[in-house]
Protein chains: 2
Amino acid sequence: MTTIGDVAKAAGVSRSTVSYALSGKRTISAETRRRIDEAIAALNFTPNAGARALKTSQTMVLGLLLQFHEDEFAPAMLQYVLPVTDAARALGYDILLMTESDGAAALTRVAQSGMVDGLVLLDVTHNDPRLDALRASRQPGVLIGLPGDTDGLDVFDLDFGDAARTLVDHLHGLGHREICLVTPPKHVFERGGAYAWRFRDAALERAAHHGIHFSAHYGESRHPGIEQSLHAILDGRPGATALMVHNDASVAVLPSVLHRRGVRVPDDLSVVSLYSTDFGRNFLLPYTAVESSPDELGRLAVERLGRRIQFPGETGPPVVRFIAAELIDRGSTS
Amino acid sequence: MTTIGDVAKAAGVSRSTVSYALSGKRTISAETRRRIDEAIAALNFTPNAGARALKTSQTMVLGLLLQFHEDEFAPAMLQYVLPVTDAARALGYDILLMTESDGAAALTRVAQSGMVDGLVLLDVTHNDPRLDALRASRQPGVLIGLPGDTDGLDVFDLDFGDAARTLVDHLHGLGHREICLVTPPKHVFERGGAYAWRFRDAALERAAHHGIHFSAHYGESRHPGIEQSLHAILDGRPGATALMVHNDASVAVLPSVLHRRGVRVPDDLSVVSLYSTDFGRNFLLPYTAVESSPDELGRLAVERLGRRIQFPGETGPPVVRFIAAELIDRGSTS
DNA sequence: CTGAAAGCGCTTACAG
DNA sequence: CTGAAAGCGCTTACAG
């Protein structure tokens, strides 16, 4: 392994001068700089990240905590990983990926041992057990997803209430008076997936305000329940003229379910949903929907985290920031 | 931050004794051990990973390199990430995730700076530019996916030739004499996705051997080409009694396409494919298929890498290991 | 503009 | 069974 000492020797200068040349933290004469650059190139030198981290107490690594729930639709998760990774690299950080089922333990292990400068939590639930671990760690963290207690935490999430109201208003404006909502599965509510009830409750309230007949039904997320539940919901509400789907697994199979039933969109039924453009592209979804904005959420969260790390005192109090709902009309309503 | 020195002071012993108590590398008296354990618990001490890495030259981190191709079906990638992460944790390693488009540069950066003990490359192509970087790095690496030149590398992959022959034999045994194959998109071939032609060429050869009318067609991976290409293929071969699909995006939409055409499986058409059980579950795929085994591939690759890291001299020459094809009959053929 | 020295938090020969 | 000391590869006050 070539070290800064090898470079110093080859260039005929001290190790500190090489270090300063690398960091640019003091002026170096042109001649010295040339010799150092040559030596670095000749020896193919890269500073050791561990030694640097030990000295500076900065690892330039962020921890990313995923949670894989048995009952969850996996493809929906990857959409957040890529934007987070990209945004981190743009700030000079690498990503340490943790997928252990005991997320709190993973967080504590990695934070305590000083492997990361900050933490990004995905798929946050209402009563997320990782939050106490995060509050106890000396590294800052950001959440993507709203927990019940946001005390002391930076939180980024879609405004699910706004999303629900936007969709209800859209359908109401088109004259719909009986609407069905397919929600996430029951166990998502039970384990504290707050986005599920934030969306549902806001939709219910808005529909009541408009005097719309509105009914919410649990969807499924696992084969073969997904299709069965959709059929049952549609069978049970023959008078509904519009369907709202807030369930990734359900909306992914909806085209095939509707085809099987001979239902044409939007002639026989208007359909609206909530998903990302990328997700829709992967599953060929043609529905008017609120954009779930994983790219923007990931980027905002990481940029905030970067500021917290680099300017600890100056970043201000924790923020809870909601992305406003943006409706993308794909012509699936009438 | 609490250090090993704080623990030593609290326990009234030297730092080296604490270190040995932690590592178990020498015997410690019961009384001393008790005092050390108490101090560690009281101070909530965890050794600093960076300092340990600097001293031992072991980071206990593996780099995982993904590649996201514009034209690729993203959900297929995540299936490999989880098994790799799980297998790594089981061996005590964490995972540094790299998703940069310039994978060779990312590999070199992370390897040269000593951030990882080893590297896992996913989505390897025939002429993968990351391989030279890997060969030049001092850390060992494993590939999931077969490159053109395996010299010096440990490689794990599905036996795509075996898979193709298994499927052709299966259909031939059922009496099929005209078969269509949907391959990955043309650009996958062009960029060197060897699995694409390994599967196709083996299928062609085996079909010829059986005297089967066999035609291979490029599928698509992006909306709306996926469905269109399937329709075109089926329109062009009305005499085909069986369809082989080696294309994640195509097989994901196949149920809906066949429904639209009023084609019943297996009564009107037999269908076979190649995907993982997990993938099939997410997309509700009912087809008889060869299992693509991402779990096993990920686990085998990481375990091999772990041995290379821990027993550099004793692991033997590089291996190229193919997982045999296993047919899972889901009743989509007759 | 540059160098010698201390120190980040560990591990491990060396010595007793 | 335990301790004092050296050293991993850096960065950064301190000094000139």
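Just so it is clear: chains get the letters A, B, ... in the order the sequence lines come, proteins before strands, and each one is counted from 1.
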(request) To the nearest 0.5 Å, tell me how far A:L64 CG sits from A:Y93 OH. (result) 15.0 Å
(request) Mark yes or no for a side-chain to base donor-acceptor pair under 3.5 Å between A:K55 and D:dG9, with no hydrogen or angle criteria applied. (result) no
(request) May I ask you to verify if any side-chain N or O of A:T3 is less than 4.0 angstrom from the OP1 or OP2 atom of D:dG9? (result) no
(request) Take the protein atom CZ of B:R15 and the nucleotide atom C1' of D:dA4, then report the distance between them rounded to whole Å. (result) 10 Å
(message) Rounding to an integer number of Å, can you tell me how far A:M60 CE sits from D:dT11 P?
(response) 13 Å
(request) Supply the atom-to-atom distance B:D86 CG to B:D295 CG, rounded to the nearest 0.5 angstrom. (result) 8.5 Å
(request) Look at the side chain of A:D94 and the backbone N and O of A:V61, then say whether any donor-acceptor pair between them is shorter than 3.5 Å. (result) no
(message) Taking only side-chain N and O atoms of A:S19, does any of them lie within less than 4.0 angstrom of OP1 or OP2 on D:dC10?
(response) no
(message) Any side-chain N or O of B:S23 below 4.0 angstrom from OP1/OP2 of C:dT12?
(response) no
(message) It should be established whether A:S57 places a side-chain nitrogen or oxygen under 4.0 Å from OP1 or OP2 of nucleotide C:dC8.
(response) no
(message) Which nucleotide, if any, forms a Watson-Crick or G-U wobble pair with D:dA15, using both distances under 3.5 Å?
(response) C:dT2
(request) Could you work out which one of D:dG3, C:dC10, D:dC10 sits closest to the side chain of A:F45? (result) D:dC10
(request) Write down the distance between CE (B:M1) and C1' (C:dC8), rounded to a whole number of angstrom. (result) 9 Å
(message) Distance check, rounded to the nearest 0.5 Å: A:T99 atom OG1 versus B:R89 atom CZ?
(response) 9.5 Å
(message) Looking only at the side chain of A:T27 (C-beta and beyond, no hydrogens), which of the listed nucleotides D:dT2, C:dC1, C:dT2 gets closest?
(response) C:dC1
(message) What is the distance, to the nearest angstrom, from the CD1 atom on B:I40 to the C1' atom on C:dC10?
(response) 13 Å
(request) Please state how far atom CD1 in A:I36 lies from atom P in C:dT2, giving the value in whole angstrom units. (result) 8 Å
(message) Whether the side chain of B:R33 engages the backbone of B:A21 through a donor-acceptor N/O pair (distance < 3.5 Å, no angle test) should be reported.
(response) yes
(request) Could you tell me whether the side chain of B:R52 has a donor or acceptor atom within less than 3.5 Å of a complementary atom in the base of C:dT11? (result) no
(request) For the pair B:E38 and B:R34, find out whether any cationic side-chain nitrogen is under 4.0 Å from an anionic carboxylate oxygen. (result) yes
(message) At less than 3.5 Å, do the side-chain atoms of B:S16 and the base atoms of D:dA5 form a donor-acceptor pair?
(response) no
(request) Kindly point out which of C:dC1, C:dA4, D:dA4 is positioned nearest to the side chain of A:S29? (result) C:dC1
(message) Please confirm whether the shortest side-chain N or O distance from A:T56 to OP1 or OP2 of D:dC10 is below 4.0 Å.
(response) no
(request) Could you check which of C:dG9, D:dT2, D:dG9 has an atom nearest any side-chain atom of B:I28? (result) D:dT2
(request) Whole angstrom is fine here: how far is it from CG in B:L54 over to C1' in D:dA6? (result) 13 Å
(request) Rounded to the nearest angstrom, tell me the gap between atom OH in B:Y20 and atom P in C:dC10. (result) 15 Å
(message) At less than 4.0 Å, is any side-chain N or O atom of B:K25 found next to OP1 or OP2 of C:dT12? Yes or no.
(response) yes
(request) Nearest whole angstrom, please: distance from the P of D:dT12 to the CD1 of A:I4. (result) 11 Å
(request) Assign each of A:V18 and A:R26 to its nearest nucleotide of DNA chain D by heavy atoms, then name whichever residue's nucleotide is nearer the 5' end. (result) A:V18
